[in-house]
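Take a look at the structure set out below.
Lettering follows sequence order; numbering is per chain, from 1. Quick caveat: nothing in here was measured; it's all calculated off a predicted structure.
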Amino acid sequence: MNAPDYRPTVFLPKTDFPMKAGLPEREPQILAKWQAADLYAQLREARAGRPKFIFHDGPPYANGDMHIGHALNHILKDAVVRTQTLMGKDAPYIPGWDCHGLPIEWKVEEAYRAKKQNKDDVPAVEFRAECRAYAQHWVNVQRDQLKRLGISANWEKPYLTMDFQAEATIVSELLKFAESGQLYRGAKPVMWSPVEKTALADAEVEYHDITSTQIDVAFEITEAPNAPELVGAHAVIWTTTPWTTPVNQGIAYGPEVTYQLCRTQDGHRILIAAPLVEAVSARIGSALTVEQDVAASALAGAVVRHPMHQLGDFFARPRPFLPGDFVTTDAGTGLVHMAPDHGEDDFALCKAHGINPVFAVEGDGRYRADWLWLGGESKNVINPTLNAPDGPICNDLRAAGALLSAEPFAHSYPHSWRSKKKVIFRCTPQWFVPMDQGEHTLRQKAVAAIAATQFTPDKGRNRIGAMVEGRPDWVLSRQRAWGVPITLFVDRKSGDYLVDKTINEKIIARFREQGVDAWTPEFAAELLGDKVDQYEQITDILDVWFDSGCTHAFVLESGRWPEMQWPADLYLEGSDQHRGWFQSSLLESCGTRGRAPYNAILTHGFTMDASGRKMSKSEGNTVNPLDVMKTYGADILRLWALSVDFTEDHRIGDEILKGVADHYRKLRNTFRYLLGALEGWSEEERLPVDQMPALERWVMHRLSVISDELKAAAVAYDFNRYTSLITDFVQNDLSAFAMDVRKDSLYCDAPTAPARRAWRTVLDLTFHALTRWLAPVMVFTAEEVWGTRHPDSGSVHLLEWPEIDADWQDAVLDKQFMLARKLREEVYLKLEELRRAKTVGSFLEASVTITTTHADRIAALAGIDLAELLLVADVSLTHADTESLTVEKADLAKCARCWRHLPDVKPETELCGRCDAVVNG
RNA sequence: GGGCCGGUAGCUCAGGGGUUAGAGCACACGCUUGAUAAGCGUGGGGUCGAAGGUUCAAAUCCUUCUCGGCCCA
């Protein structure tokens, strides 16, 4: 006989909330609602007067589409701001962009080239206007893309470093350095194109294979306090740029290198590195006899003289041996000739020993007219004939008896991207901020500020600390057009820059009105009056790192965003910013305010491809966040970013995203079940805590414990822990256990039954907790879920941390359930055998008999309905002399409505007592 | 080449001297067909990047190597 169909009498979950998310279509609709309601403004209002959490957004460069690094970075920022907001803080988010600088300048130039136009023919004002328009275009593009990610920020009023107000702030900050005497004009070797007569950036240089002249040059040793026998011998240097020999000022040796004194066939004694004796012998065409080893330490304090010393003055000065870590024995002689004007290593080593550049080569690449050797030579230094074996340099050296070899040499050499001509390193005047000036130096202040800053992860402290301790003075100047000018006037006679507060205020005021275009000769004349000819108006612009170093002043302090405060609680960027923004902000703020502009720094690693390799367009292994959003949705990308260990490098790829999408589905389905299970809920149904059965109290205990753990994770910015706490709770405690156990009550108990009301009360608490906890992660889905149940109560994002009582925590109860769940596992192991033997299908058909020697366990489980918890027909747990666990098919009738196998099933209705009462009573 | 950092199941992550290294997902098999393009259960899967060393005992501490990353040269 067929059982009656009781399905219509069962209270199954009911909801319109779709299982399939359709995020790519749904998310933009939710976004539009937020925008229409101005959710960001609502948030500010909702949190007004609350303790503030000041996050300061680092400005991405306004160039190109959002890439995966931007996406990760902004999702993390958003998660910080949203979790802080959830915890009740007033956490404003002012997004910003870095708008000046070479890459933009370059793009605009590129457009000129395409039109066969020359940048130099375009008025500077016009050129800058185009740069400004270009930057604004990408700001708009990136802003839309970041909005689509669900980032909650003040998109109506972002900060741009090219705003006139920002440009005025940057000038004002620069002048603070000037007024406090923290600027000086020094020199530094830069890539220089003698053809274009301009400095070049690294990005403007390309390498080509060319043939140069390599020469070996002998310098006579005149003093050697640690090895007197060397006096009269010759130290041999090797170079592929003969034109630098007229500017030589010393010789570098490797402190770890062993040298040898060798005798040539014609009886000269020369000093070279031991591993290079053969190579040198071949080059100079003479057998070499090693006379003695010379330790590097013997060279300390030794001195040579220049082959052209007879010219006097500069050339007559002694040239010291200097220890240089960069000296290798890969090629050459193991002794490196030092021309501080023309090499970075040379410059740094000589500077450390008080030897300064001499500026012998001018902008057009020719030796200056008064230079004693080759002054007035018409060829510039990159001219091959000047450097050739039969050219003037080699000829003079040969005549002086110093040229041991001169041959062609093929190598890769930097060229100008624009003119394709060779470039040189050349010292040029630059503006610096000194790191070690005064009693309380900038370096000391910065080091102290680092010690006072909180780092997440803490290793960041190490990294920036090592950099700050070792870094050279800060070079502020660039010889460029698109940027904030260094607004200084230099006295042509004294070389000092003008410090005049009144003038400086006028400069700042003018910049507020006109921005960087204010810095014209006309303005200089207006400021200086008849003294204008006495001063040189500086036309260099500021390194964009200085711009970004000033964002704290503009955004936190200027009052343009009244919701902000100085200093920031947090800066959050990729670990590359230890050298970048973290440091520029630190130095700028220490120089002007004596402390860092932030209390804490959070860094993230880089996103690699699926196999852990760096993404690059040429490798074709990039993952485009815009595509991910189109395919999966922003919430998937967010869940990904907040699931990985972002403090290290981490990966993204198809398999990973599919895994994230699976996690998402689990969470979504749980919400769907909650919504269905809570259908028709009304507040009258709520049951007081003291009437809750044990399982309900245990779930509340778990909610309370997890609430604490989640808060701790959010405060520590440990989002990967935050999300896994939630998914583990949903998967293990709810889905696989409590929800499974309580299906019977939810589906079959009478709606008024206290047991069912208790469970629905807990489901309601769980719903409120989960929607809010997940709101900072799955921003769109949380809103969709919330709106499905509470369509008229505003955004989920306005809500605060769920009210969960610490009193719900119950260690005894937790132990009890740990034991019960352990037992459940053991029983299921046995039941699976029964099932494989086809004795039972559903575990509801099984009967469990347990004996144990542990009376304490029986006592601990007293008051818990084990049959209910294990979803079996019945459980007998008794004390005995042996441990045993047997399972068998229960000899009980099945209730046709609740499917449980029970003793009180009436054959005529096939209903158990409970179900009979619900259906017929 | 230098500074800093990392490598635990197919994937995302726990564990940071002490039983047989864990979780979730994925996979396989099964149950259910009343969360159903869902839910539940069981299972297989790891020389903890490699090699040395310290120790009674190493995924864990040390050294070297290797692979990868960021920043510099």
Side-chain angles (χ1 to χ4, degrees), chain A residues 5-15 17-20 325-326 328 330 344-345 348 457 459-467 469-471 574-580 583 603-615 639-640 642-645 647-666 668-677 718 720-721 723-732 735-737 739-741 743-744 746-748 824-825 827-838 840-845 871 897-899:
Chain A
D5 181 12
Y6 289 110
R7 196 174 195 274
T9 72
V10 175
F11 309 107
L12 296 176
K14 208 170 106 189
T15 178
F17 187 80
M19 189 179 286
K20 187 169 160 40
D325 291 331
F326 53 85
T328 67
D330 297 342
E344 286 187 290
D345 286 336
K459 62 196 174 202
R461 181 193 311 282
N462 232 346
R463 189 159 174 191
I464 193 171
M467 287 180 189
E469 276 166 31
R471 68 159 296 150
S575 60
D576 56 334
Q577 296 305 323
H578 286 113
R579 179 159 291 277
Q583 202 175 142
T603 49
H604 57 79
F606 281 71
T607 305
M608 302 294 132
D609 75 359
S611 59
R613 286 174 190 274
K614 160 206 200 105
M615 290 185 192
L639 190 54
W640 163 78
L642 299 172
S643 303
V644 297
D645 181 0
T647 64
E648 296 292 343
D649 291 347
H650 46 269
R651 306 173 182 202
I652 194 167
D654 280 340
E655 189 187 4
I656 294 165
L657 284 168
K658 282 200 182 95
V660 174
D662 283 332
H663 272 119
Y664 173 85
R665 256 195 297 277
K666 180 73 201 181
R668 184 176 180 90
N669 269 316
T670 303
F671 277 127
R672 182 163 181 268
Y673 184 74
L674 282 169
L675 288 167
D718 192 349
N720 136 37
R721 178 167 165 73
T723 54
S724 63
L725 275 168
I726 295 174
T727 43
D728 285 357
F729 172 66
V730 164
Q731 179 63 37
N732 300 330
S735 187
F737 184 55
M739 283 175 167
D740 210 27
V741 169
K743 273 182 192 170
D744 177 71
L746 183 70
Y747 296 173
C748 300
R824 191 172 132 116
E825 264 177 46
V827 170
Y828 279 10
L829 225 57
K830 281 278 188 187
L831 282 171
E832 191 63 28
E833 289 171 21
L834 216 59
R835 180 184 272 168
R836 283 187 191 274
K838 303 280 181 201
V840 297
S842 162
F843 290 171
L844 281 170
E845 298 169 34
L871 292 163
R897 181 166 175 271
C898 69
W899 299 343

Base, sugar-phosphate alone, or nothing: which one does Gly612(A) contact when heavy atoms must sit under 4.0 Å apart?
sugar-phosphate
Just how far, in rounded Å, is P of C31(B) from CD of Glu833(A)?
16 Å
Test your reading of the model: is there a side-chain donor-acceptor pair from Arg463(A) to the backbone of His578(A), 3.5 Å cut-off?
no
Could you tell me whether Arg471(A) contacts a base, only the sugar-phosphate backbone, or nothing, with contacts defined as non-hydrogen atoms closer than 4.0 Å?
nothing
Atom pairs, N/O to N/O, protein against nucleotides 24-29 of chain B, distance under 3.5 Å?
unit_1	atom_1	unit_2	atom_2	d
C25(B)	OP1	Gln731(A)	OE1	3.4
C25(B)	OP1	Gln731(A)	NE2	2.8

State the pairing partner of G68(B); accept Watson-Crick or G-U wobble contacts with both distances under 3.5 Å, and report none otherwise.
C5(B)
When you get a sec, tell me which of C72(B), C40(B), G34(B) is the closest nucleotide to the side chain of Arg579(A)?
C72(B)
Could I get the full list of side chain to side chain contact (heavy atoms under 4.5 Å, CB included) partners for Leu829(A), not counting sequence neighbours?
none
Side chain to side chain contact (heavy atoms under 4.5 Å, CB included) with Glu648(A): which residues, sequence neighbours excluded?
Lys459(A), Asp645(A)
Touch check for Lys838(A), heavy atoms < 4.0 angstrom, all strands: base, sugar-phosphate only, or nothing?
sugar-phosphate
Check salt bridge (Lys or Arg N to Asp or Glu O under 4.0 Å) between Arg668(A) and all other residues, then give those that pass, not counting sequence neighbours.
Glu784(A)
Tell me yes or no: between the side chains of Ser575(A) and His604(A), is some donor less than 3.5 Å from an acceptor?
no
Does Arg651(A) reach a base, just sugar-phosphate, or nothing at all? Heavy atoms under 4.0 Å.
sugar-phosphate
Tell me the interatomic distance from Met608(A), atom CE, to U12(B), atom P, rounded to whole angstroms.
13 Å
Taken in chain and number order and not counting sequence neighbours, the residues that satisfy side chain to side chain contact (heavy atoms under 4.5 Å, CB included) with Asp345(A) are Phe326(A)
Name all residues meeting the ring-ring contact (aromatic ring centres under 6.0 Å, His included) criterion together with His663(A); count only those two or more places apart in sequence or in a different chain, and write none if there are none.
none
Considering only atom P, compute the distance from G24(B) to C40(B) and round it to an integer number of Å.
11 Å
Both distances below 3.5 Å, Watson-Crick or wobble geometry, any strand: find the nucleotide opposite C48(B).
none
Stacking between Tyr747(A) and G34(B), defined as ring centres under 5.5 angstrom apart with planes under 30°, is that present or not?
no
Side chain of Asp740(A) - closest among U12(B), G39(B), A38(B):
G39(B)
Can you tell me the base-pairing partner of A58(B)? Count Watson-Crick or G-U wobble geometry only, both distances below 3.5 Å, and say none if there is no partner.
none
Backbone of Thr15(A) reached by a side-chain donor or acceptor of Arg672(A) within 3.5 Å:
no
Over all strands shown, is Leu829(A) touching base, sugar-phosphate only, or nothing at heavy-atom distances under 4.0 angstrom?
sugar-phosphate
Should Lys20(A) be listed as having a side-chain N or O under 4.0 Å from OP1 or OP2 of A37(B)?
no
State the pairing partner of C40(B); accept Watson-Crick or G-U wobble contacts with both distances under 3.5 Å, and report none otherwise.
G30(B)
Electrostatic pair Arg835(A):Glu832(A) at N-O distance under 4.0 angstrom
yes
Who passes ring-ring contact (aromatic ring centres under 6.0 Å, His included) against Phe17(A), sequence neighbours left out?
none
It should be established whether Asn669(A) places a side-chain nitrogen or oxygen under 4.0 Å from OP1 or OP2 of nucleotide A37(B).
no
Does Tyr673(A) reach a base, just sugar-phosphate, or nothing at all? Heavy atoms under 4.0 Å.
base
Closest of U42(B), A35(B), U36(B) to the Arg672(A) side chain is U36(B)
What does A35(B) pair with, Watson-Crick or G-U, if both distances are under 3.5 Å?
none
Tyr828(A) OH to U32(B) P, in whole Å, measures 14 Å
Distances under 3.5 Å between nitrogen or oxygen atoms of protein and nucleotides 4-6 of chain B:
unit_1	atom_1	unit_2	atom_2	d
C5(B)	O2'	Glu648(A)	OE1	3.2

Is the phosphate of C31(B), meaning OP1 or OP2, less than 4.0 Å from a side-chain N or O of Arg835(A)?
no
Report which part of the nucleic acid Ser735(A) touches: base, sugar-phosphate, or nothing (heavy-atom distance under 4.0 Å, all strands).
base
Figure out the CG/P separation between Asp576(A) and C70(B), and round it to whole Å.
9 Å
Rounded to the nearest Å, what distance is computed from the CG atom of residue Leu12(A) to the C1' atom of nucleotide U32(B)?
14 Å
If you go through the side-chain atoms of Ser724(A), does one of them form a donor-acceptor pair with the base of A14(B) closer than 3.5 Å?
no
Under the rule for side chain to side chain contact (heavy atoms under 4.5 Å, CB included), what residues qualify as partners of Asp576(A), not counting sequence neighbours?
Phe606(A)
Just name whichever nucleotide pairs with A23(B), Watson-Crick or G-U, keeping both distances under 3.5 Å, else none.
U12(B)
Under 4.0 Å, heavy atoms only, any strand: does Val644(A) hit a base, just the sugar-phosphate, or nothing?
sugar-phosphate
Should we say atom NZ of Lys830(A) is surrounded by more than 12 heavy atoms from elsewhere, each under 6.0 Å from it?
no
Report which part of the nucleic acid Trp640(A) touches: base, sugar-phosphate, or nothing (heavy-atom distance under 4.0 Å, all strands).
nothing
Mapping Ser575(A) and Asp645(A) onto RNA chain B by nearest heavy atom, which one lands closer to the 5' end?
Asp645(A)
Measure the distance from CZ on Arg7(A) to P on G34(B) and round it to the nearest whole Å.
5 Å
How long is the line joining CE of Met467(A) and P of C70(B), in whole Å?
13 Å
Asp718(A) CG to U12(B) P: how many Å, rounded?
17 Å
Where the side chain of Lys743(A) is concerned, which of G39(B), G34(B), C40(B) is the nearest nucleotide?
G39(B)
Taking only the side-chain heavy atoms of Ser842(A) (C-beta and beyond), determine which of U32(B), G41(B), C13(B) contains the nearest atom.
U32(B)
What is the nucleic acid contact for Arg613(A), judged by heavy atoms within less than 4.0 Å: base, sugar-phosphate only, or nothing?
sugar-phosphate
Starting the side chain at C-beta, find the nucleotide from C70(B), C13(B), U42(B) nearest to His650(A).
C13(B)
